[in-house]
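What you see is a predicted model, and the numbers here were worked out from it, not measured in a lab. The figures that follow rest on heavy atoms only: side chains count, while hydrogens, waters and symmetry mates do not. Numbers restart at 1 for each chain; the letters A, B, ... are given by sequence-line order, proteins then strands.
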2 protein chains.
Amino acid sequence: MYTLDQVKCFVAVASHLHFGRAAEELSMTQPPLSRQIQKLERFVGVTLLERDNRRVSLTPAGEAFLVNARMLLAVSDRAPRDAQRIAAGQWGRLSVGFTAASGFGILGSLVSVIEDRLPGIDLDLHEMVTGSQLENLAEGHIDLGIGRLEVPPQEIESELLLAERLMLAAPERHPLALLDRPLHRSDVTGQPLILHSATKATYFYNLIVRHFPIDHHMIKHSLSQVLTMVNLVADGHGIAFVPESTSLLKIPGVRYLAFADLTDDVVELKALWNSQSRNPALQRVLSVIRD
Amino acid sequence: MYTLDQVKCFVAVASHLHFGRAAEELSMTQPPLSRQIQKLERFVGVTLLERDNRRVSLTPAGEAFLVNARMLLAVSDRAPRDAQRIAAGQWGRLSVGFTAASGFGILGSLVSVIEDRLPGIDLDLHEMVTGSQLENLAEGHIDLGIGRLEVPPQEIESELLLAERLMLAAPERHPLALLDRPLHRSDVTGQPLILHSATKATYFYNLIVRHFPIDHHMIKHSLSQVLTMVNLVADGHGIAFVPESTSLLKIPGVRYLAFADLTDDVVELKALWNSQSRNPALQRVLSVIRD
DNA sequence: TGGAATAATGCACGAAAGGCATCGATGTAC
DNA sequence: GTACATCGATGCCTTTCGTGCATTATTCCA
């Protein structure tokens with residue numbers, strides 16, 4: 001096999017048609033340059049340069065080789081730079097798993113910021129529930145998750161993206177929507193309730209149970225998708241707890257009500273990633289998220 | 001700079017994700033393979049392969065490098081083969097200069113034969129008079145000429161392509177066209193004559209003067225292009241000498257007549273080339289022509 | 001806990017690359 | 001026509017690099 005150095009030598013000589021000046025460009029002396037060309041020609045088995053002791057010229061075979069040689073140099077030059085850029089996280093691909101709920105609020109601005117600040121990074125967006133995000137993170141199928149959970153499992157790191165209030169979605173003619181005083185947590189007692197599933201939407205279920213006196217006899221539906229819940233509210237099937245950002249969803253017949261005695265931002269949205277991840281783009285994206 | 005051997009090592013390891021088996025494929029032992037990879041990574045400045053003492057995997061940078069690496073190997077493999085094929089004359093480009101007259105007869109079949117027998121060779125066809133062919137051959141602008149001349153100059157070699165009879169082109173109502181006996185050379189004496197130019201079509205001029213008793217008072221036109229001459233014959237301006245192949249040109253009002261006392265193939269068409277030519281395609285074409 | 005698997009490292013040898021000096025051939029000038 | 005300049009090739013020496021063998025270090029698995 002020949003070497004890229006020999007190719008570089010050949011291109012230099014073919015460009016100058018002069019061994020001495022080519023050697024100068026290559027920062028070497030002329031004798032080893034002659035030998036490198038000889039070696040290359042011996043490997044190729046063909047005379048590439050016609051040396052006339054007075055003038056140097058390319059043979060037809062040499063001209064054809066020159067085309068490929070320039071391509072080799074171009075690719076060999078690009079290859080390390082591509083690798084370096086990817087290692088530095090300037091280039092790359094990031095698979096992101098996000099919950100449908102996060103899509104209402106933060107996802108759009110997150111994508112905008114990344115496209116703006118890290119133009120070399122392509123995002124693959126996949127909607128999935130938090131549980132799937134954890135599985136896919138563990139198996140390396142996605143690099144970043146955007147979801148809700150209290151305590152991430154082993155090897156999954158997390159960072160708070162957003163915290164918001166918990167609100168009540170109620171039909172506009174519902175008694176709680178027509179109160180002439182501030183709404184309190186105890187007001188929900190005894191009302192027909194559309195609640196998150198304890199198994200499929202554990203985070204919300206636990207959060208709500210922790211903060212409200214839930215009468216389990218009043219639970220009419222157990223769901224996992226916020227949009228479905230709000231639609232059921234619109235149809236008058238009951239009231240539901242939703243994060244504040246859901247109120248961006250203007251559904252006719254639905255009013256969003258704040259609790260006077262629950263003003264803390266208790267609903268959290270977290271960025272999730274595998275601490276074993278070797279994707280440099282992830283670190284870049286995380287540092288952008290932190291700003 | 002790194003070497004193509006290192007690239008080959010990297011691709012082998014990246015393909016097998018196993019140093020031992022990659023080394024086996026490369027017909028080398030494992031330790032130097034490890035070192036080649038280390039060297040490549042040191043040059044690139046980036047970890048390309050994650051070695052876990054138990055499993056080998058590609059980093060994102062390594063995956064990007066692999067794409068370029070495979071391209072490098074493909075080009076580096078093709079480059080010598082292209083050069084060899086061109087040197088062997090299997091591939092290449094041949095510039096051919098030909099006279100308009102040769103275009104009537106042999107050129108078409110010549111092109112067909114070359115396209116059939118040497119499919120890798122592209123022909124550039126340029127119509128030019130023999131004198132221009134000689135100039136362009138000397139300067140290397142064309143590789144092969146097809147023309148008529150008696151003695152080629154220094155450094156130009158030639159080979160007879162075709163020899164044919166010299167015939168007379170006469171208007172169909174011309175007395176010589178209406179003879180009830182065989183035509184003889186002496187019959188042309190005294191007839192208005194359309195003759196080749198002594199300077200622009202020296203070959204024909206010398207040939208005709210050598211074989212016929214030309215009365216210079218009867219020369220009505222001196223021309224260099226056969227087609228023009230035959231057109232003038234059709235218009236009744238006189239008679240003209242033409243090579244037999246011209247009779248393929250069916251011009252209304254023109255008859256082609258053979259001389260009973262000149263049956264030799266005296267008109268020659270030659271292949272011409274520069275003996276200094278380094279174009280391997282030329283040798284291939286010449287050997288095909290000789291068949 | 002011991003053995004198998006696997007990549008890294010130490011060491012020695014031979015090949016290759018580079019620099020310096022020189023040769024050989026060819027064109028140029030007086 | 002002869003002396004000189006130019007320029008690629010060659011001889012020789014030193015340093016660097018690639019390779020194989022033997023061994024080490026680590027981890028997985030029984």
Side-chain angles (χ1 to χ4, degrees), chain A residues 1-59 61-62 65-66 69 72-73 76 155 276 278, chain B residues 1-59 61-62 65-66 69 72-73 76 155 276 278:
Chain A
M1 178 61 67
Y2 53 103
T3 70
L4 287 169
D5 280 322
Q6 286 163 5
V7 173
K8 197 170 284 186
C9 289
F10 171 74
V11 171
V13 175
S15 301
H16 290 91
L17 294 178
H18 190 288
F19 279 69
R21 282 189 280 278
E24 194 177 354
E25 180 191 299
L26 295 166
S27 305
M28 65 194 296
T29 55
Q30 169 266 320
L33 175 59
S34 285
R35 274 194 264 258
Q36 291 290 50
I37 299 292
Q38 289 163 8
K39 208 164 203 178
L40 180 62
E41 287 181 320
R42 211 175 317 138
F43 177 85
V44 175
V46 157
T47 302
L48 301 174
L49 290 160
E50 200 73 37
R51 282 89 106 194
D52 180 65
N53 243 347
R54 201 66 199 169
R55 87 180 74 242
V56 177
S57 63
L58 279 165
T59 63
F65 194 85
L66 181 59
L72 278 175
L73 293 190
S76 70
E155 298 215 330
Q276 305 292 305
R278 296 264 173 241
Chain B
M1 177 62 66
Y2 54 102
T3 70
L4 287 169
D5 279 322
Q6 286 164 5
V7 174
K8 197 171 283 187
C9 289
F10 172 74
V11 170
V13 174
S15 301
H16 290 90
L17 294 178
H18 189 288
F19 278 69
R21 281 190 280 280
E24 192 178 355
E25 181 191 298
L26 294 167
S27 306
M28 66 195 295
T29 56
Q30 170 265 320
L33 176 59
S34 285
R35 274 193 262 259
Q36 291 289 53
I37 300 292
Q38 289 163 9
K39 208 163 202 178
L40 180 62
E41 286 181 321
R42 210 174 318 136
F43 177 85
V44 175
V46 157
T47 303
L48 301 174
L49 290 160
E50 200 73 38
R51 282 89 104 191
D52 181 65
N53 245 346
R54 199 69 197 169
R55 86 181 74 243
V56 177
S57 62
L58 279 164
T59 63
F65 194 85
L66 181 59
L72 277 175
L73 292 190
S76 70
E155 297 214 333
Q276 304 292 306
R278 297 267 171 238

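The CG-P distance, from L26(B) to dA7(C), rounds to 13 Å in whole Å. Atom P of nucleotide dT10(D) and atom CD1 of I37(A) are separated by 14 Å, given to the nearest angstrom. Atom P of nucleotide dC20(C) and atom CG of L33(A) are separated by 15 Å, given to the nearest angstrom. Going from atom CZ of R42(A) over to atom P of dA16(C) covers 9 Å, rounded to whole Å. Between the CD atom of E41(A) and the P atom of dG8(D) there is a distance of 13 Å, rounded to whole Å. In this structure, L40(A) atom CG and dG8(D) atom C1' are separated by 17 Å, rounded to whole Å.
Minimum heavy-atom separation, A23(B) to L33(B): N-CD2, 3.4 Å. Looking at every heavy atom in both residues, F65(B) comes nearest to L40(B) through CE2-CD2, 3.9 Å. Of all the heavy atoms in G62(A) and F10(A), the pair that sits closest is O-CZ, 3.6 Å. Minimum heavy-atom separation, R51(B) to V56(B): CG-CG2, 4.3 Å.
Taking only side-chain nitrogens and oxygens, Q38(A) never comes nearer than 4.0 Å to OP1 or OP2 of dG8(D). Applying the 4.0 Å criterion to OP1 and OP2 of dG8(D), one finds that S34(A) has every side-chain N and O outside that range. One finds a side-chain N or O of R51(B) lying less than 4.0 angstrom from the OP1 or OP2 phosphate oxygen of dA8(C).
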- How does each nucleotide of nucleotides 22-30 of chain D score, in 5' to 3' order, for protein heavy atoms under 4.0 Å: base (B), sugar-phosphate only (S), or none (-)? B---SBS--

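There is a side-chain donor-acceptor pair under 3.5 Å between S34(B) and Q30(B).
Residue-to-nucleotide contacts include no donor-acceptor pair under 3.5 Å from the side chain of R35(A) to the base of dG8(D).
Residues S57(B) and L49(B) fail the side-chain proximity criterion, which asks for heavy atoms closer than 4.5 Å.
Salt bridge absent: E25(A) and K8(A) never bring a charged side-chain N and a carboxylate O closer than 4.0 Å.
Judged by distance alone, the side chain of T59(A) and the main-chain N or O of T47(A) form a donor-acceptor pair under 3.5 Å.
Applying the ring-ring contact (aromatic ring centres under 6.0 Å, His included) rule to Y2(A) yields the partners F43(A); only residues at least two apart in sequence or on another chain are considered.
Contact check of residues 2-24 of chain A against DNA chain D (heavy atom, cut-off under 4.0 Å) returns H18(A), F19(A), G20(A).
Between P32(B) and P32(A), the residue whose closest nucleotide on DNA chain C is further toward the 5' end is P32(B).
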